[in-house]
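Here the structure comes first, spelled out in structure tokens, and everything after it is commentary.
Order of the sequence lines sets the chain letters (A, B, ...), proteins ahead of strands, with each chain counted from 1.
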Amino acid sequence: MPRKVAAVAGGLTYFSKARKDKTQEELAAEAARMALFENDIDLAKDDIDGTIVSYFSDHFEDQLLFGSIIQDYLGFNPKPSVRIEGGGATGGLAVRDAYAHVASGLLDVAMVIGFEKMSEVNTAKGNEFIALASDTDWDFPIGGFYSGYYALMARRHMEEFGTTEEQMAMVAVKNRNNAQHNKFAQTNPKMNPFAMKDGGKITVDDVLKSPYVSYPLKRLDICLMSDGAAVLILASEEKAKKITDTPVWITGTGAGTDAMRAGDRPRTVAGVPMLPHEKKEWYKKLEYPGVHSFRAGRESARQAYKMANITNPLKQLDVIELHDAYTSSEIQTYEDLGLTRYGQGGKLVEEGVTAIDGDLPVNPSGGLIGTMHAVGGTGVMQAVEMLWQLQGVSGKFHGSDKTQVKNAERGLIHSHAGTGTYVTATIMER
Amino acid sequence: MTEVYSIDPLIIKTPYEITYKHSYGKTSKFFTSLSSGKLMTTRCEHCKVTFLPPRADCPNCLRETKWVEISGKGTIHTFTTLYFSGEKFLKDLPFQLVYVDLEGVDTLFLTRLKTKDMKKVKVGMKIRMRISKELEWRSSDVWAEPYE
């Protein structure tokens with residue numbers, strides 16, 4: 001039997017387009033210091049038994065084996081460490097791997113260290129590096145890059161289900177405006193000294209009038225590129241109870257995969273893997289997953305729900321942090337997670353269900369659109385955010401009570417790599 | 001001489017260049033067939049599935065696939081118009097990418113759409129694949145164009 005595992009502490013850096021003031025390892029130290037010293041815990045640095053290091057690309061820094069530099073810089077030698085990489089899902093996979101390390105008994109207390117410094121190359125080169133995480137024989141040489149791939153999927157979602165650009169814009173407004181109460185957020189110039197100067201609140205009209213990057217996706221539909229780090233500490237049940245009075249348990253985790261070339265994915269009629277609350281007749285004509293839905297997201301959720309005994313996610317979850325790389329992919333992910341039927345994701349945001357004061361707030365932190373996407377740090381940031389939400393201390397860390405979801409007891413974090421190649425879903429409960 | 005970008009903090013510029021000798025392995029035939037004007041791809045006779053891009057090995061049963069010729073005619077499954085891109089393709093902007101549903105192929109194929117009127121493009125529109133006369137041995141050697 002696996003051991004029970006809890007999150008006990010977390011730390012974040014200020015996120016920024018360019019943190020020129022610090023190196024990548026210095027950013028990791030900034031987040032680790034917050035995790036160790038600003039959470040209400042009884043834990044010394046020497047109590048950490050090993051680390052899971054989470055970063056996406058060796059290209060951004062032109063340095064291989066960066067994990068070893070981190071392990072040395074943070075003073076964890078000669079303890080065990082492993083580097084996890086899985087594109088945009090790197091952070092979610094790292095949290096899951098740390099869970100496995102602790103659940104299995106390999107480590108009692110594990111530190112997950114996630115980061116990325118993307119600013120040392122220009123934005124177009126950065127996009128090109130990320131595009132190298134698509135098929136470089138077939139999809140990249142024709143001018144493919146990620147906003148293009150997601151736009152193709154979004155356009156098919158519109159065709160299949162009638163999703164609109166206005167609904168996508170509502171996701172951007174929700175997440176960006178949530179970020180205005182989170183001091184770590186890159187789009188929050190009032191609270192983050194490293195924020196972009198043209199940040200601040202936005203409206204649906206602002207999104208719709210922002211220039212197209214890749215029709216139907218516009219500049220404000222697309223996530224940030226960031227420098228920054230996130231650190232999470234996990235512990236076994238026995239240790240967790242000594243470390244904190246408010247452990248947050250990991251009660252379920254799932255991981256799914258799909259073809260890197262989205263066109264290679266099946267289009268199976270009535271092929272939706274069902275969740276307990278769903279009815280086969282809803283999807284009897286739907287070709288699945290095609291390029292409109294993320295089968296890996298559905299698979300990860302199915303596993304996590306089963307493990308955590310969740311049979312109706314919309315009712316049983318109180319808060320979600322999900323991978324909003326694009327506004328369209330947040331809408332698609334609502335459906336994969338079973339928060340609504342396939343095809344109804346646009347309506348969910350339109351009805352305000354996922355707003356900060358809605359029935360099931362999604363991305364109260366501001367997500368990737370409002371707060372950060374420092375790739376290897378992102379999934380770890382979500383876990384830290386969920387820890388603080390379920391401990392009821394988001395206000396203390398964010399510098400504003402407005403991001404705290406009241407009485408949240410159970411949440412889901414969702415991490416997602418390029419067009420849904422790797423996806424993880426993890427359930428956390430207080 | 002190292003080029004200095006800033007003094008505080010100290011930021012230096014370091015260029016990087018590399019040439020790969022990249023093998024297309026068993027899918028080389030896709031590219032070499034283009035020089036005789038043929039669109040070739042692979043089919044698993046056991047699973048009755050035709051793949052484009054070609055795969056030498058069937059992912060369903062792991063048997064070896066066989067080469068077949070395809071017509072290159074089909075329809076647009078979804079499309080996008082790009083106004084921004086990776087550094088390498090900025091010079092081509094704006095351009096269109098499409099997933100095409102081709103006759104005799106079970107997968108969708110991602111390719112450029114070349115058309116005089118980008119505004120007329122829609123899902124379901126008929127296309128045919130074209131082959132470049134000056135082959136670069138890249139997937140950009142083929143593209144779709146409207147074909148009514």
Side-chain angles (χ1 to χ4, degrees), chain A residues 18-23 26 59 62 120-132 134-160 211-219 222 259 261-267 290-292, chain B residues 5-6 8-9 11 13-14 16 20 22 24-25 27 30-31 49 51-55 59-60 76-101 105-112 118 121-124 136-143:
Chain A
R19 283 289 304 264
K20 293 194 170 84
D21 61 312
K22 288 192 177 183
T23 66
E26 290 163 356
H59 289 32
D62 192 17
E120 303 211 341
V121 296
N122 67 47
T123 302
K125 183 56 92 178
N127 271 301
E128 193 173 301
F129 284 165
I130 295 167
L132 295 177
S134 66
D135 189 308
T136 56
D137 276 356
W138 296 95
D139 292 354
F140 176 70
I142 60 170
F145 84 121
Y146 266 103
S147 295
Y149 305 141
Y150 279 88
L152 287 156
M153 298 184 86
R155 182 63 186 79
R156 189 65 204 183
H157 199 273
M158 291 163 71
E159 187 73 20
E160 203 78 49
Y212 278 114
V213 170
S214 186
Y215 164 83
L217 298 172
K218 292 162 283 288
R219 195 170 67 84
I222 300 176
R261 296 188 302 251
D264 284 16
R265 298 173 190 173
R267 284 175 287 154
V291 295
H292 53 74
Chain B
Y5 177 80
S6 117
D8 183 24
I11 298 175
K13 289 193 168 184
T14 56
Y16 182 90
Y20 288 91
H22 178 60
Y24 283 116
T27 58
F30 173 87
F31 294 97
V49 179
F51 305 98
L52 181 67
R55 295 168 179 257
N60 302 318
I76 291 176
H77 185 76
T78 182
F79 67 95
T80 183
T81 308
L82 279 78
Y83 301 90
F84 191 71
S85 73
E87 190 173 44
K88 198 172 174 181
F89 303 100
L90 290 172
K91 62 183 185 338
D92 299 352
L93 295 172
F95 59 87
Q96 290 183 308
L97 295 180
V98 288
Y99 270 114
V100 291
D101 199 351
V105 177
D106 293 291
T107 55
L108 298 170
F109 184 62
L110 182 61
T111 194
R112 283 258 185 121
M118 294 205 295
V121 175
K122 56 185 180 193
V123 172
E136 298 278 348
W137 316 111
R138 306 287 290 174
S139 57
S140 50
D141 287 345
V142 299
W143 61 86

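Heavy atoms closer than 4.5 Å to chain B are found in both the backbone and the side chain of A:Asp264. Heavy atoms closer than 4.5 Å to chain B are found in the side chain of A:Arg267, but not in its backbone. B:Tyr24 touches chain A through its side chain: at least one heavy atom from C-beta onward sits under 4.5 Å away, while N, CA, C and O do not. In this structure, the portion of B:Ile11 lying under 4.5 Å from any heavy atom of chain A is its side chain and not its backbone. Both the backbone and the side chain of B:Phe84 come within contact range of chain A, each with at least one heavy atom under 4.5 Å from a heavy atom of that chain. Within the 4.5 angstrom heavy-atom criterion, no atom of A:Tyr146 approaches chain B. Looking at B:Tyr99, the atoms closer than 4.5 Å to chain A (heavy atoms on both sides) sit in the backbone and in the side chain alike. When heavy atoms are compared at a cutoff of 4.5 Å, B:Val98 approaches chain A solely by way of its backbone atoms N, CA, C and O. For B:Leu110, the parts sitting under 4.5 Å from any heavy atom of chain A are the backbone and the side chain alike. B:Leu93 does not touch chain A: none of its heavy atoms, backbone or side chain, sits under 4.5 Å away. Heavy atoms closer than 4.5 Å to chain B are found in the side chain of A:Asp62, but not in its backbone. Only the side chain of B:Phe31 has a heavy atom closer than 4.5 Å to any heavy atom of chain A. Residue A:Ala262 touches chain B through both its backbone and its side chain, counting heavy-atom pairs closer than 4.5 Å.
Counting heavy-atom pairs closer than 4.5 Å to chain A, the top residue among B:Pro9, B:Ser139, B:Gly86 is B:Ser139. The residue among A:Asp139, A:Asp137, A:Asn127 with the most heavy atom pairs within less than 4.5 Å of chain B is A:Asp137. The residue among B:His77, B:Arg138, B:Lys13, B:Lys88 with the most heavy atom pairs within less than 4.5 Å of chain A is B:His77. Between chain B and the residues A:Gly143, A:Gly126, A:Ala151, the largest count of heavy-atom pairs under 4.5 Å involves A:Gly143.
Going from atom CD1 of A:Ile142 over to atom CG of B:Asp141 covers 12.0 Å, rounded to the nearest 0.5 Å.
The shortest side-chain heavy-atom distance between B:Thr80 and A:Arg155 does not fall under the 4.5 Å cut-off. Using a 4.5 Å heavy-atom cutoff, the side chains of A:His292 and B:Thr78 are not in contact. B:Leu82 has its side chain within reach of A:Phe145: a pair of non-hydrogen atoms, C-beta onward, lies under 4.5 Å apart. Annotation: side chain of B:Pro54 is in contact with side chain of A:Trp138 (closest heavy-atom distance under 4.5 Å). Residues B:Pro53 and A:Arg261 form a side-chain contact, since some pair of their non-hydrogen atoms from C-beta on lies under 4.5 Å apart.
In this pair, A:Tyr215 and B:Phe79 present their aromatic rings parallel. The plane angle is below 30°, not in the 30 to 60° band.
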